[in-house]
Amino acid sequence: MEPPSASPHRGHVPWQGLLLAVLVSPLTFWNLPTTAQLAIESVPFTAAEGTDVLLLAHNVSENVKGYTWYKGERGIDSHQISIYLTATQGIIPGPAYSGRETVYPNGSLLFQKVTLEDTGFYTLQTISSDLQAEKASGHICVYQSVTKPSILASNVSITEEGPVAMTCLSGDTGISITWIFSNQTLQTLSIDPVRQEDAGEYQCEVSNPASSTKSDPLKLAENKNVLLIKTMVLTLLLYKTIVNSQYNKMENPIKTCTELGVVVDTCNPSSSGG
């Protein structure tokens, strides 16, 4: 067979010639793309108990005649969930079918209202028109939804230089705790000693990889009695300062007159000794 002839249009080379040149050129380093393999993606990757999870099938062949889903990483008949036939778009339930599973025409599997027992691997097997089988596995990870926490505080009012201890109470396990003060997130909470600027609302948030929730706000307030005592102390100190100042003004003239040998009646400054 003769090689493809050049195009009569100047400056253009037939696409057959370009493809042949690429395939036989010793300087070509890239390979032709291969067919993508079947893959399963869990959406979402982690799920809270009672929510829905989709095992999304990727790279499904166009000539697939049927899908079979299994629980586990192996295609065991006793763990078969369902068979989906593309010709009839019908589902044949298997021994592991719970009634919460739905298979879509693209091979994806929807789980409704997942439970903790649904955590694990799932395997999809496809059968093509030429009886070629392909398998891929995906994983569902279900967590219990966290419950609302509460805050236990040793004191809800600010006392002078006194510490305040707060504890986030939750009945859940395997959780992370974050503190929130005046809408600012705190990684740790330590109030010792407590100061007036620590007054405000505090919350704690508990979370796991699938859910989170916050406590009701707890308000740390300034102690009115402490403020009253502080005001009284400051008032007494100011009064003492004023009295000492007046006393010094009265004491200095007496010393001056004494030094001059003149006795002055402190009750009647106009009188003098004769």
Side-chain angles (χ1 to χ4, degrees), residues 23 29-149 170-178 205-213:
L23 291 176
F29 295 99
W30 57 273
N31 297 321
L32 291 176
T34 58
T35 303
Q37 293 183 346
L38 181 66
I40 305 298
E41 177 189 5
S42 177
V43 182
F45 184 74
T46 57
E49 191 175 18
T51 61
D52 297 346
V53 177
L54 178 67
L55 290 176
L56 182 61
H58 292 281
N59 308 322
V60 178
S61 301
E62 295 181 358
N63 61 343
V64 169
K65 296 301 180 182
Y67 307 103
T68 305
W69 275 99
Y70 300 90
K71 186 170 185 178
E73 293 185 274
R74 296 183 298 170
I76 302 177
D77 290 341
S78 60
H79 293 172
Q80 184 186 100
I81 298 174
S82 63
I83 298 175
Y84 181 90
L85 302 176
T86 57
T88 61
Q89 295 186 357
I91 296 177
I92 302 175
Y97 182 75
S98 67
R100 297 178 292 113
E101 301 88 350
T102 301
V103 181
Y104 291 105
N106 65 352
S108 300
L109 177 66
L110 175 67
F111 270 91
Q112 294 179 312
K113 298 180 179 179
V114 293
T115 65
L116 297 177
E117 289 74 20
D118 293 327
T119 297
F121 284 93
Y122 293 84
T123 299
L124 169 64
Q125 178 178 288
T126 63
I127 300 294
S128 63
S129 57
D130 55 358
L131 301 181
Q132 295 296 317
E134 192 174 5
K135 285 184 180 182
S137 296
H139 185 266
I140 291 180
C141 191
V142 183
Y143 289 85
Q144 188 175 14
S145 297
V146 293
T147 56
K148 187 175 181 178
S170 174
D172 301 313
T173 59
I175 59 174
S176 298
I177 298 177
T178 302
E205 181 180 29
V206 296
S207 62
N208 62 22
S211 62
S212 64
T213 186

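When a residue number appears, it is its place in the shown sequence, counting from 1. Because the structure is predicted, anything quoted here is derived from the model rather than measured. Values below: all heavy atoms of this structure, side chains included; hydrogens, waters and symmetry mates excluded.
Taking 4.5 Å as the limit, every side-chain heavy atom of Ser207 sits out of range of all side-chain heavy atoms of Thr178. The shortest side-chain heavy-atom distance between Val142 and Thr115 does not fall under the 4.5 Å cut-off. A heavy-atom distance below 4.5 Å is not found between the side chains of Pro95 and His79. Looking only at side-chain heavy atoms (C-beta outward), Ile40 and Tyr122 stay at 4.5 Å or farther from each other. Between Thr51 and Val114 there is a side-chain heavy-atom pair separated by less than 4.5 Å. Contact of the Gln125 side chain with the Tyr70 side chain is registered, since non-hydrogen atoms from C-beta on lie closer than 4.5 Å.
Closest of all the heavy-atom pairs between Ser211 and Ala48 is CB-CB, 4.4 Å. The two atoms that bring Glu49 and Ser145 nearest to each other are O-OG, 3.6 Å, heavy atoms only. Summarising the geometry of Val53 relative to Pro44, their closest heavy-atom pair is CG1-O, 4.2 Å, with the distance given to 0.1 Å. Val206 and Ile175 get closest at one heavy-atom pair: CG1-CD1, 3.8 Å. Shown here for Ser108 and Leu56, the closest heavy-atom pair between the two residues is OG-CD1, 3.3 Å. In terms of heavy-atom proximity, Gly72 sits nearest to Thr123 at O-OG1, 2.6 Å.
Glu101 contributes atom CD, which lies 6.5 Å from atom CG of Leu109 (distance to the nearest 0.5 angstrom). Taken from CD1 in Ile81 to OG in Ser98, the straight-line distance is 8.0 Å, to the nearest 0.5 Å. To the nearest 0.5 Å, the span separating OG on Ser129 from NZ on Lys65 amounts to 5.5 Å. One finds the CG atom of Asp172 at 14.0 Å from the NZ atom of Lys148 (value rounded to the nearest 0.5 Å). For the atom pair OG1 (Thr102) and CG (Leu54), the distance works out to 10.0 Å, reported to the nearest 0.5 Å. Separation of atoms OG1 (Thr213) and CG (Asn208) is listed at 11.0 Å; rounding is to 0.5 Å.
Within the 3.5 Å criterion, the main-chain N or O of Ile91 finds no donor-acceptor partner in the side chain of Ser82. A donor-acceptor pair is defined here as one N or O able to donate and one able to accept, closer than 3.5 Å; no such pair exists between the side chain of Gln89 and the backbone of Pro105. With Arg100 contributing its side chain and Gln112 its backbone, the two residues share a donor-acceptor pair below 3.5 Å. Side-chain atoms of Asp52 never come within 3.5 Å of backbone atoms of Leu110 as a donor-acceptor pair (strictly under, hydrogens ignored). A donor-acceptor contact shorter than 3.5 Å links the side chain of Asn59 to the backbone of Gln37. A donor-acceptor pair under 3.5 Å links the side-chain atoms of Thr46 to the main chain of Pro209, judged by distance alone.
Between Thr126 and the options Leu38, Asn63, Thr86, Thr68, a side-chain contact (heavy atoms from CB on, under 4.5 Å) holds for only Leu38.
Sparse packing is recorded around CZ of Arg74, with 12 or fewer heavy atoms of other residues, nucleotides or ligands lying under 6.0 Å away. Around the CD atom of Gln144, the shell of radius 6.0 Å holds no more than 12 heavy atoms that belong to other residues, nucleotides or ligands.
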Review point. Should Leu55 and Leu124 be marked as a side-chain contact (heavy atoms from CB on, under 4.5 Å) after you check the CA-CA gap, both sets of side-chain angles, and the distance that decides it?
Key: CA-CA 10 Å; Leu55 290 176; Leu124 169 64; over 6 Å; no
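Ring geometry for Tyr67 versus Tyr84: interplanar angle of 30 to 60°, hence tilted.
A centroid separation of less than 6.0 Å is found between the aromatic rings of His139 and Phe121.
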